[in-house]
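The structure presented is a predicted model; accordingly, all values stated were derived computationally and were not measured. In listed order, ligands and their atoms are each counted from 1.
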Amino acid sequence: MSKKPIILGIESSCDETAAAIVTENDQNQPVALSNIVSSQTNVHKEFGGVVPELAARSHLEKIDLITKKAIEDSGIKFGDIDAVASTAGPGLVVCLSVGLSFGKAFANSLHKPFIAINHLEGHALSPKLNSNLDYPYLLLLISGGHSQYLVVEGLNKYKRIGTTIDDALGEAFDKTAKLIGIEFPGGPQIEILAEKGNKERFDLPKPIFNRGGCNLSFAGLKTAILKISKEIKNEQDKFDIAASFQNTIEQIMYKKTNIAFDEYEKINNTKDNIFVIAGGVAANKNLREMFKTICNERGFKSIFPPIELCGDNAAMIGLVGLEKYKLGLLDELNFPAKPRWQLDEVASFLKGAGVKI
Ligand code: KG4
Ligand code: ZN
């Protein structure tokens, strides 16, 4: 039996420094032999958001240690690595540069190929780790920086059918949390507080609910919550805001996902429709239940990556590296950081006031 490729994956696009060793098992399924993630939450907490210069400095301080640990934990030796795959975009340019330069130097010192990875492609393919997931599928990517519906037809074959025209969904969760006094990153706390609140108490806006196809908009919610948050008198008020926000998001995502399913069915006329929900917000349990319900109603199969692969990690970067390596899709050492690298590079740019959808 020929040796399975072994890929070192590196991720530093935002505020997680991560390294992983990825290979294939005997069933040819991609598997992570190690997956080390170091989060910088404590570095950015007092600033209420990610500070790029501090994030980059923190990546620089840790990337060699994290990589060493990923190699040690996997049980392989340096010389076993066949290629190094680093995130090249999208993300904060100062942060991307750390993992990108480190990955290139590492590959060069081993005399092994270097592969530049799109971070979004990592999220998009993440459910393939430890499972047999065939193309095509409909992907909803909901993270701190992105919210998109994409038809995934294969490696590097993406068609975007919907996107946010302003804030990303994770950003909306984080901003709502901040407005009701929860420390950054508050997104995961919202669903915990929401359990104690009255979801009907506040009637929040649902921007572009009845137009714009499956495009999304969340900025109006933040403005509405800013107004309400000025009247907060006690803890119950906070719980009620969290519950009303979570409920509104569920209604928006239910409606938009139904539209995305319609669009997908027009493009892909197959019976075995698959819906993959990935990115940090896919960890939200209430949203997961809602997505499962809608999939039952519409005859789609729902797939969520394991919780530890929903947030940023390097196993998903190593996984895309593995797929590219097997196809001989390697990159030169002068590959640049691409802060705005999109998955569907022909999709039009839909951001900002005045956008027509
Ligand atoms: O994918 P990710 O780790 O990083 C990006 O690429 O952005 O996503 C992070 C985002 C943050 O906005 C965080 O608040 C949100 O995912 N998030 C959640 C939950 N867990 C993480 N939002 C809502 N509910 C959660 N349980
Ligand atoms: Zn991400």
Item to complete: Taking the six-membered ring for Trp and the single ring otherwise, decide whether the centroids of Phe335 and Phe114 are under 6.0 Å apart.
Response: no
Discussion item. Quick one, Leu33 and Val22 - any side-chain contact, counting heavy atoms below 4.5 Å?
Written reply: no
Item to complete: Could you check if a side-chain atom of Leu96 sits within less than 4.5 angstrom of a side-chain atom of Lys338, using non-hydrogen atoms only?
Response: no
Discussion item. Would you say the Zn ion (ligand 2) has His123 as a near neighbour, meaning an N/O/S atom of that residue under 2.8 Å away?
Written reply: yes
Worksheet, complete the sentence: Which atom of Asp312 is nearest the Zn ion (ligand 2), counting N, O or S only? It is OD1
Discussion item. Are Tyr264 and Tyr149, when compared by the centres of their aromatic rings, separated by less than 6.0 Å?
Written reply: no
Discussion item. For Ile76, run the side-chain contact (heavy atoms from CB on, under 4.5 Å) check against Leu8, Ile81, Thr23 and tell me which one passes.
Written reply: Ile81
Discussion item. In this structure, is the centre-to-centre distance between the rings of Phe173 and Phe218 below 6.0 Å?
Written reply: no
Practice prompt. Note the single closest protein heavy atom to atom 10 (C) of ligand 1, along with its residue, its atom name and the distance in Å.
Written response: Gly144 N, 3.5 Å
Practice prompt. Give the numbers and elements of all ligand 1 atoms closer than 4.0 Å to a heavy atom of Ser143.
Written response: 1 (O), 5 (C), 6 (O), 7 (O), 8 (O)
Response to the item:
Of all protein heavy atoms, the one nearest atom 26 (N) of ligand 1 is Glu191 OE2, 3.0 Å
Discussion item. Students often mix this up, so state it plainly: with edges at 30° and 60°, are the rings of Phe300 and Phe275 parallel, tilted or perpendicular?
Written reply: perpendicular
Fill in: Nearest non-hydrogen protein atom, atom 15 (C) of ligand 1
Val281 CG2, 3.9 Å
Worksheet item: Counting distance only, does the side-chain N/O of Asp166 pair as donor-acceptor with the main-chain N or O of Ala219 below 3.5 Å?
Response: yes
Discussion item. Among all protein heavy atoms in this structure, tell me which lies nearest to atom 25 (C) of ligand 1, with the distance rounded to 0.1 Å.
Written reply: Pro188 CA, 3.7 Å
Item to complete: List the closest protein heavy-atom neighbour of atom 8 (O) of ligand 1: residue, atom name, distance to the nearest 0.1 Å.
Response: Gly280 CA, 3.3 Å
Practice prompt. Check the surroundings of atom CG in Asn28: do more than 12 heavy atoms from other residues, nucleotides or ligands lie under 6.0 Å from it?
Written response: yes
Worksheet item: What atoms in ligand 1 come closer than 4.0 Å to a heavy atom of Gly145?
Response: 7 (O)
Worksheet item: Looking at ligand 1, does Cys310 have a heavy atom less than 4.0 Å from it?
Response: yes
Practice prompt. If you have a sec, work out which protein heavy atom is nearest atom 24 (N) of ligand 1 and how many Å separate them, to one decimal?
Written response: Asn284 ND2, 3.0 Å
Discussion item. Below the 3.5 angstrom mark, is there an N/O of Gly170, backbone or side chain, next to an N/O of ligand 1?
Written reply: yes
Worksheet item: Is His146 close enough that one of its N/O/S atoms sits under 2.8 Å from the Zn ion (ligand 2)?
Response: no
Practice prompt. Return the residue, atom name and 0.1 Å-rounded distance of the protein heavy atom closest to atom 14 (O) of ligand 1.
Written response: Asp174 OD1, 2.6 Å
Worksheet item: Of all the atoms in ligand 1, which lie at a distance below 4.0 Å from a heavy atom belonging to His119?
Response: 6 (O)
Practice prompt. Check if Cys14 has a non-hydrogen atom at a distance under 4.0 Å from any atom of ligand 1.
Written response: no
Practice prompt. Considering the heavy atoms of His123, write down every atom of ligand 1 situated less than 4.0 Å from one of them.
Written response: 1 (O), 6 (O)
Item to complete: For atom 6 (O) of ligand 1, find the nearest protein heavy atom and state the residue, atom name and distance (0.1 Å precision).
Response: Asp312 OD1, 3.1 Å
Practice prompt. Answer with yes or no whether the side chains of Glu121 and Tyr158 bring together a donor and an acceptor at under 3.5 Å.
Written response: yes
Worksheet item: Under 3.5 Å, side chain of Gln148 to main-chain N/O of Arg160, donor-acceptor pair present?
Response: no
